[in-house]
Amino acid sequence: MNEKEFAGKTLLLVDDRPENLDLLISLLEKYNINIIVATSGEQGLERLQHTRPDIILLDIMMPGIDGYEVCRRLKESDEYSQIPIILMSALDDPVDKVKGLELGAVDYITKPYKVEEVFARIKNQLYILDLKEQLRIAKEPQKEQATEQTELSTQNEVLGLGGTEIKARTVLFVEDQPEARHLLENFLNKYYYRLYFAKNCNETFQRLMEIKPDIILLDVRLPGIDGFEVCRRLKESDDYKHIPVIFITALDDSADTVKGLELGAVDYITKPYNNEEVLARISTQIKISRLMQETERANIQLKELDHLKSLFIASMSHEFRTPLNAIIGFNGLLSKELKGKLTANQEEYFERSRNASQHLLLLINDIIDVSKIEAGAIEVYPETFILIDVVKEALSVLQTEIDTKSLEVKISVPPELKVLNDRRRVLQCLLNYLANAVKFTDTGTISLLVRELDDQIEVVVKDTGIGIHEDNLSKLFQYFERLSTVAHVKEMGTGLGLYITKKLATDFLGGSVAVESQLGSGSRFFLRFSKKLPLPMKKI
């Protein structure tokens with residue numbers, strides 16, 4: 001997650017001191033976070049009646065209801081218990097920090113504030129929220145229990161609950177001071193962490209050949225090669241770059257903190273640190289690491305299932321298409337009155353049957369194409385053709401509908417323009433665009449303009465139809481998206497034509513799609529594709 005991804009997130013900031021509020025707002029506003037302010041614990045609880053923030057920054061020392069009590073009430077509420085709370089305090093007593101964590105806070109920030117620390121703490125918690133949402137979508141409701149168990153296990157580790165059933169997590173602590181190592185080891189062992197140690201850069205990489213830690217605590221000031229250089233080497237290694245690194249430093253210079261984060265460290269701890277702080281930082285990063293791994297596994301499974309689904313749909317669609325073509329064929333023979341003259345009712349019935357069969361065939365063909373696209377089974381066969389011939393062929397398919405509505409059609413295509421691309425797929429894209437224009441234009445004109453743009457061909461299909469509301473433009477090229485209006489609710493379609501056009505253009509024809517429209521003023525659809533698709537045959 002980067003700064004741009006904070007846009008749209010909402011933060012509730014609860015602090016009774018105006019100078020603190022001004023400072024924090026100035027630090028956070030450049031990240032485009034929506035900030036809601038409360039100046040007391042009571043007001044903070046009241047603000048939650050009208051909005052649901054993604055995260056809460058909560059000062060501990062406030063008159064009236066203090067931060068601890070606000071935190072306790074929120075964590076006892078079914079409605080608000082899942083909102084992450086970061087406590088803010090000038091208190092530097094480990095007992096106070098432990099109290100906040102025991103009440104359910106996920107982290108804390110110590111005054112005076114530093115922009116790097118505030119940003120890092122918020123970023124970590126918002127990242128966890130995003131990962132949880134990705135995992136929820138990927139695994140569906142019946143698998144959410146696994147996520148809840150992960151959450152519970154992590155919370156147990158923070159609080160030291162759960163007993164021996166908690167799997168020990170492995171920490172590599174790179175520190176050249178033996179006393180610091182021993183003190184932290186004795187403390188973390190109580191919370192089911194297993195520590196391994198290294199004194200310098202060489203020992204670090206030797207250890208990594210023996211173990212794969214869940215996290216690395218890295219002191220900046222090491223003999224010889226410093227921690228910054230060790231971090232850089234770790235992040236350049238394919239074997240170790242995914243292991244989260246928290247660096248530990250006695251430096252109080254923001255530039256050094258920024259340097260460590262830019263090199264790939266996920267967090268930092270300043271000396272003199274206390275064990276509870278180290279525990280909180282480790283717990284947060286291991287939670288992120290777990291969620292990332294679980295989300296990655298779930299996404300791989302989803303892709304495999306989606307691939308199988310697409311193959312199945314494509315196979316079944318072919319089975320449907322064969323008998324349907326026979327029905328359409330026999331329907332045509334009967335309508336030609338080869339077995340005798342038809343009555344008016346019989347002609348009407350055959351017309352209805354033919355229209356229904358053709359609509360079903362279009363639906364099946366679209367499903368086959370989507371299935372092939374999603375399964376990666378589309379084959380592209382470049383050939384040289386004259387583009388205006390393809391345009392005329394697309395218009396001929398729609399001529400009946402054009403004549404029925406008395407629409408005027410204007411085309412502007414260089415008559416000798418040759419293209420090396422997949423003729424059938426280019427025809428399919430043009431047909432989808434033109435069919436969409438005819439469908440939503442009752443009167444007026446449909447125009448098709450072609451122009452050359454360096455190594456690309458651009459086709460613009462313009463209509464004088466009903467247009468599209470600005471809010472719906474982003475939905476046009478999505479899977480199974482239909483933007484029906486009252487006037488056109490009778491129009492039949494799969495909602496797949498524009499999606500297929502986009503996928504063909506962007507994934508196979510070397511191009512792109514775009515749209516401009518205004519409700520009541522018609523639309524312009526843009527299609528670009530490569531003038532010369534690379535040879536030999538491209539199979540994707």
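What you see is a predicted model, and the numbers here were worked out from it, not measured in a lab.
Of all non-hydrogen atoms in Ala394 and Leu434, the two that sit nearest each other are CB-CD1, 3.9 Å. Contact detail for Cys201 and Arg233: the closest heavy-atom pair is SG-NH1, 3.7 Å. Of all heavy-atom pairs spanning Gly264 and Cys231, the tightest one is C-SG, 4.4 Å. Phe247 approaches Ala265 most closely through the heavy-atom pair CD2-CB, 3.4 Å.
Side-chain atoms of Thr170 and Ile211, non-hydrogen and from C-beta on, do get closer than 4.5 Å to each other. Side-chain contact check for Leu395 versus Val409: some heavy-atom pair is nearer than 4.5 Å. Two residues are said to be in side-chain contact when any heavy atoms from C-beta on lie closer than 4.5 Å; Ile216 and Leu234 meet this criterion. The closest side-chain heavy-atom distance from Leu519 to Ile466 is not below 4.5 Å. For the pair Val450 and Ile457, the minimum side-chain heavy-atom distance is below 4.5 Å. Using a 4.5 Å cut-off on side-chain heavy atoms (C-beta onward), Thr443 and Lys405 make no contact. Side chains of Lys410 and Thr445 form a contact here, defined as non-hydrogen atoms less than 4.5 Å apart. Looking at heavy atoms from C-beta onward, Leu449 lies out of side-chain contact with Val459 at the 4.5 angstrom threshold.
In this structure, SG in Cys429 is found 5.5 Å from CG in Leu527, a value given to the nearest 0.5 Å. The CD1 atom of Ile500 sits 11.0 Å away from the CG atom of Leu431 when rounded to the nearest 0.5 Å. The line from NZ of Lys531 to CD of Glu452 is 3.5 Å long, rounded to the nearest 0.5 Å. Rounded to the nearest 0.5 Å, atoms OG1 (Thr464) and CD (Glu408) are 9.0 Å apart.
Remark: Lys462 NZ is loosely packed, at most 12 non-hydrogen atoms of other residues, nucleotides or ligands lying under 6.0 Å away. Within a 6.0 Å radius of CD in Glu210, other residues, nucleotides and ligands contribute more than 12 heavy atoms.
Side chain of Ser517 to backbone of Gly522: a donor-acceptor contact under 3.5 angstrom is found. A donor-acceptor pair under 3.5 Å is absent between the side-chain atoms of Asp463 and the main chain of Thr441, judged by distance alone.
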Practice item. For side chain to side chain donor-acceptor pair (under 3.5 Å), just list the numbers for Ser530 and Asn421, CA-CA rounded to whole Å, side-chain angles, deciding distance to a tenth of an Å, and then say yes or no. Key: CA-CA 7 Å; Ser530 177; Asn421 210 308; 4.8 Å; no
Exercise for review: Start with the C-alpha gap between Arg232 and Glu229, add the side-chain angles, then the distance that decides, and say whether salt bridge (Lys or Arg N to Asp or Glu O under 4.0 Å) holds.
Suggested key: CA-CA 5 Å; Arg232 186 190 65 79; Glu229 177 61 17; 2.4 Å; yes
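Between Tyr433 and Phe477, the angle of the ring planes lies from 30° to 60°, which puts this pair in the tilted group.
Side-chain atoms of Gln399 and Asp403 include a donor-acceptor pair closer than 3.5 Å.
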